[in-house]
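What follows is one structure encoded as structure tokens, with my remarks underneath.
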Amino acid sequence: RALRRTRYIAVFAGLAAALLVMVILNINTGSVKIPVARILQILLRRQGAAKEVSIIWKIRMPRILQAAILGGALALSGFLLQTFFGNPIAGPFVLGISSGAKMCVAIVMILLIGRFGEASSWALILAAFAGAMMSTAFILVVSRAVNHMAALLVAGIMIGYICSAVTEFLVTFAEDSDIVNLHGWSQGSFSGADWSGTATAALLVGIAFVCVFLLAKPIGAYQMGEDYARSMGVNVKRFRMELILLSGILSACVTAFAGPISFVGIAVPFLVKRALGTSKPLVVIPAAFLGGAVFCMFSDLI
């Protein structure tokens, strides 16, 4: 127990230190060089040149916070799906959640730009959220009808391919300007983050995080097998729906605000569990969130 506790403390301390380093590097890195002393003055007192204050508070800080929040959400979504399927390759992209969001964004972007010449960011956010939740709803309906995990995984992959096919069909007949805009969005990025979007993402992800944490005990029982979970009083059918719904909400937030970012949801939970040497939800949930935040901030820094 002492060795296990020491390992947990070391991993969390390492993640916290990495998070602090990423915050410092992201604030201090950009096309406009601002000395550390002036950055501290701007952050603590909001005093300094108007241009530098605007760069720190309107561009870099919202982007840093959004990368941390959405990176943590994506890692947590991957952890839930990997628990659900008992498979380390399960993730939001595999189940077609990100593909559904991309399809709806493609439809809205092509229609709005073709008719009005532009598409607002909030229209794209709502479209991405609607598409992700549509895919999640399909998976929930299928999960009520089938009991076999392989069938549900195939259903998720199927909806992903269907959404991707519809998106490619739309792109084939779209104007060049629409294709460029859609291609730029589909790369996934935290650029353009603002305080309004960051606050909305923080609220949604925060509520989902609390819900996931409250499910830690049922998740631990479910990891031991469905029969064991039932013997511990877990309503497995309802619990499976809760896992899919929470994962869908988390990945929908990420896709809506940052585009379809897929690799974090698969890589981070797996690496965190290996580092901790356990799959215990009470430990893995906060560690995966921290790991996702660090990973996305590092990627954004590059």
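Start at 1 with the first residue, then count along the sequence. The model shown is predicted, which means the values in this text are computed figures rather than measured ones.
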Candidate pair V264 and C296, rule side-chain contact (heavy atoms from CB on, under 4.5 Å), full reasoning: CA-CA 8 Å; V264 182; C296 277; 3.8 Å; yes
Atom pair CE/CG of M241 and N235 - distance to nearest 0.5 Å: 10.0 Å
Any residue meeting ring pair (Phe, Tyr, Trp, His ring centres under 6.0 Å) with F169, in chain and number order, not counting sequence neighbours: F173
Separation of C253 SG from L203 CG (nearest 0.5 Å): 9.0 Å
Minimum-distance pair of heavy atoms, taken over all atoms of Q66 and T198: NE2-OG1, 3.3 Å
Inter- and intrachain pairs under ring pair (Phe, Tyr, Trp, His ring centres under 6.0 Å), touching residues 235-259, at least two apart: Y222-F239
For S191, all residues meeting side-chain hydrogen bond (donor to acceptor under 3.5 Å, both in side chains), sequence neighbours excluded: S189
Contacts of type side-chain hydrogen bond (donor to acceptor under 3.5 Å, both in side chains), residue T167, not counting sequence neighbours: none
Atom pair CE (M297) and CG (L65), whose distance is rounded to the nearest 0.5 Å: 8.0 Å
Q223 side-chain N/O to T83 backbone N/O, donor-acceptor pair under 3.5 Å: no
Same apolar cluster (I L V M F W Y, side chains within < 4.5 Å links), L20/L15: no
Gap separating the CD1 atom of I162 from the OG atom of S135, nearest 0.5 angstrom: 10.0 Å
E226 vs R240, side-chain contact (heavy atoms from CB on, under 4.5 Å): CA-CA, chis, key distance, verdict: CA-CA 10 Å; E226 290 189 10; R240 286 168 59 187; 4.3 Å; yes
Sequence-distant partners of R60, salt bridge (charged side-chain N to carboxylate O under 4.0 Å, His left out), two or more places apart: none
Main-chain N/O of P62 paired to W57 side chain as donor or acceptor, under 3.5 Å: no
Counterpart residues, side-chain hydrogen bond (donor to acceptor under 3.5 Å, both in side chains), relative to S77 (two or more places apart): S247
Full working for side-chain contact (heavy atoms from CB on, under 4.5 Å) between V268 and L74: CA-CA 9 Å; V268 172; L74 197 54; over 6 Å; no
For A68 against A293, the heavy-atom pair lying closest together: O-CB, 3.3 Å
R38: salt bridge (charged side-chain N to carboxylate O under 4.0 Å, His left out) partners, not counting sequence neighbours: E52
Solution key, residues 275-289 side-chain donor-acceptor pairs under 3.5 Å, sequence neighbours excluded:
| from | atom 1 | to | atom 2 | distance (Å) |
| --- | --- | --- | --- | --- |
| T278 | OG1 | K280 | N | 3.1 |

Smallest separation among heavy atoms of G131 and C104, with atom names: CA-SG, 3.4 Å
Qualifying ring pair (Phe, Tyr, Trp, His ring centres under 6.0 Å) pairs, either residue in residues 125-146, two or more places apart: none
Contacts of N26 that satisfy side-chain hydrogen bond (donor to acceptor under 3.5 Å, both in side chains) - sequence neighbours left out: none
Main-chain N/O of M61 paired to W195 side chain as donor or acceptor, under 3.5 Å: no
Check: K273 and Q82 side chains under 4.5 Å, non-hydrogen atoms: yes
Partners passing salt bridge (charged side-chain N to carboxylate O under 4.0 Å, His left out) against E168 (at least two apart in sequence or in another chain): none
Rounded distance (nearest 0.5 Å) linking atom OG1 of T29 with atom CD1 of I64: 9.0 Å
side-chain contact (heavy atoms from CB on, under 4.5 Å) evaluation trace for L243 with L81: CA-CA 7 Å; L243 282 187; L81 291 175; over 6 Å; no
Beyond-backbone contact of V205 with L250, side-chain heavy atoms, under 4.5 angstrom: yes
R238: partners by salt bridge (charged side-chain N to carboxylate O under 4.0 Å, His left out), with sequence neighbours left out: E242
Non-hydrogen side-chain atoms of I249 and M133 separated by less than 4.5 Å: yes
L3 atom CG, neighbour heavy-atom count above 12 within 6.0 Å: no
ILVMFWY cluster, V166 and M134 together (side-chain gap under 4.5 Å): yes
F190 vs I261 side-chain heavy atoms within contact, under 4.5 Å: yes
Reported CG-to-CD1 distance for the pair L43 and I27, which is rounded to 0.5 angstrom: 5.0 Å
Neighbour count >12 (heavy atoms, 6.0 Å) for atom CZ, F12: yes
Beyond-backbone contact of L246 with L215, side-chain heavy atoms, under 4.5 angstrom: yes
Carboxylate-amine/guanidinium proximity below 4.0 Å for R63 and D300: yes
Shared hydrophobic cluster, V272 / L19 (ILVMFWY, side-chain heavy atoms < 4.5 Å): yes
